[in-house]
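Worksheet: the structure to be examined is printed underneath.
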Amino acid sequence: MFSCSFGPWTLEFTREYRIVQDATTAVVIDDERTALVLVSLTSNGNICIERTYYAMICEIDAAAHKVTFHVTDDIA
């Protein structure tokens with residue numbers, strides 16, 4: 001499991017990806033330079049999942065401040 005910190009949140013992925021982020025926005029990019037996930041933080045620290053790749057689903061654990069992303073090909 002690959003993870004990275006994003007503000008008070010932890011983003012977890014089943015594969016390792018490149019993540020480009022600043023204080024309020026993060027973009028997750030694969031080896032083919034496809035943007036898989038775009039997330040942002042609201043002013044009060046909540047996470048906003050702006051976009052995900054069409055074959056990606058996510059599980060959100062608000063109590064643990066963790067979001068786990070899965071590619072549906074990995075699940076099937």
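All values below were derived from every heavy atom in this structure, side-chain atoms included, with hydrogens, water molecules and symmetry-related copies excluded.
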Minimum heavy-atom separation for [X] and [Y], please, with both atom names.
| X | Y | answer |
| --- | --- | --- |
| G45 | P8 | O-CG, 3.7 Å |
| T24 | D22 | N-OD1, 2.9 Å |
| E12 | S3 | CG-CB, 3.7 Å |
| Q21 | F6 | NE2-CD1, 4.0 Å |
| G7 | L41 | CA-CD1, 3.8 Å |

Give a yes or no on whether the backbone of [Y] and the side-chain of [X] come within a donor-acceptor separation of less than 3.5 Å.
| X | Y | value |
| --- | --- | --- |
| T72 | A55 | yes |
| W9 | N46 | no |
| D30 | T34 | yes |

Test item: [X] and [Y] side chains (from C-beta on) under 4.5 Å apart, heavy atoms:
| X | Y | value |
| --- | --- | --- |
| V37 | Y53 | no |
| C58 | I49 | yes |
| I47 | L11 | yes |

*Output the distance between atom OG1 (T10) and atom NZ (K66), rounded to the nearest 0.5 Å.*
8.0 Å
Same hydrophobic cluster for [X] and [Y], using side-chain heavy-atom links shorter than 4.5 Å among ILVMFWY?
| X | Y | result |
| --- | --- | --- |
| Y54 | V71 | yes |
| I19 | L38 | no |
| Y17 | V27 | no |

*Establish, from distance only, whether the side-chain atoms of E50 and S40 form a donor-acceptor pair under 3.5 Å.*
yes
*Mind checking what makes ring pair (Phe, Tyr, Trp, His ring centres under 6.0 Å) contact with F69, not counting sequence neighbours?*
F13
